[in-house]
Amino acid sequence: MRLPLRLPFTPDPGDDPAHQEEHHRYLALRKVRHTILRLIGDHYRRPKGTRRSWQGCDLDLTGVTIDGVPDFGGAVFSGGMVSFDGTVFSGGGMSFRDAAFTGSVVSFDNATGSAPDGLLAAVGSPPSASVTLAAPWLTSNP
């Protein structure tokens with residue numbers, strides 16, 4: 001499931017008829033990426049111990065470009081290793097509002113773009129020792 005997220009990110013070539021095929025390919029791959037991210041959020045919102053809950057599982061989104069408005073709001077990261085190292089947050093629409101980080105080792109080291117909505121409030125200030133934020137986010141307001 002991670003492979004389409006790891007493919008090199010190619011920006012939208014636009015609506016120019018000369019680039020119609022590339023534009024359709026971009027839209028199709030973007031839809032796949034957004035679906036995968038939505039499913040990840042859904043699985044981390046399921047109560048731990050229930051069927052299809054991913055709480056306690058490792059999640060590696062190292063180097064992935066996340067655009068659009070994926071919603072990890074209300075997700076619970078309660079165990080396992082969670083890596084957003086080097087992730088590019090593009091578009092400013094991702095949400096971690098009301099997410100919980102308890103018992104996981106979570107890293108946003110070297111992530112770029114704006115801190116996702118609700119992330120700084122979810123990890124607390126200062127963040128716990130098990131959460132590493134991108135350096136520029138440490139001076140941001142939640």
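We're numbering straight along the sequence, starting at 1. Predicted, not measured: the structure shown is a model, and the values here were computed from it.
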Taking C-beta and beyond as the side chain, do [X] and [Y] meet within less than 4.5 Å on heavy atoms?
X      : Y      : result
Arg33  : Asp67  : yes
Trp137 : Pro116 : yes
His34  : Val69  : no

Practice item. Show the numbers, then the answer: is there a side-chain contact (heavy atoms from CB on, under 4.5 Å) between Asp98 and Arg45? Key: CA-CA 11 Å; Asp98 299 322; Arg45 277 188 285 276; over 6 Å; no
Just to verify, what does [X] make a side chain to side chain donor-acceptor pair (under 3.5 Å) with, not counting sequence neighbours?
X      : result
His19  : none
Ser107 : Asp85
Ser128 : Ser130

Do [X] and [Y] belong together in a cluster built from hydrophobic side chains that touch within less than 4.5 Å?
X      : Y      : value
Leu61  : Met81  : no
Val105 : Trp54  : no
Met94  : Leu120 : yes
Tyr44  : Val76  : no
Phe72  : Val32  : yes

Rounded distance [0.5 Å steps], [atom1] in [X] versus [atom2] in [Y]:
X      : Y     : atom1 : atom2 : result
Glu22  : Arg25 : CD    : CZ    : 5.5 Å
Ile36  : Ile66 : CD1   : CD1   : 11.5 Å
Arg97  : Asp71 : CZ    : CG    : 10.0 Å
Thr102 : Lys48 : OG1   : NZ    : 7.5 Å

**Study point:** Geometric class of the Phe108/Phe89 ring pair [parallel <30°, tilted 30-60°, perpendicular >60°]
**Key:**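 Tilted: the ring planes of Phe89 and Phe108 meet at 30° to 60°.
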Check your understanding: Can you say whether the rings of Phe84 and Phe77 are parallel (under 30°), tilted (30 to 60°) or perpendicular (over 60°)?
Key ->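 Phe84 vs Phe77 ring planes: perpendicular.
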Minimum heavy-atom distance between [X] and [Y], given as atom pair plus value:
X      : Y      : value
Ala99  : Ala122 : O-CB, 3.4 Å
Ala134 : Ala111 : CB-O, 3.4 Å
Ser90  : Thr65  : CB-CG2, 4.4 Å

**Study point:** Sidechain N-carboxylate O distance under 4.0 Å for Asp42, Arg46
**Key:**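 Result for this pair is no, no salt bridge flagged.
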Check your understanding: So, Ser83 versus Thr62: side-chain donor-acceptor pair below 3.5 Å or not?
Key ->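 Checked: Ser83/Thr62 side chains pair up, N/O donor to acceptor below 3.5 Å.
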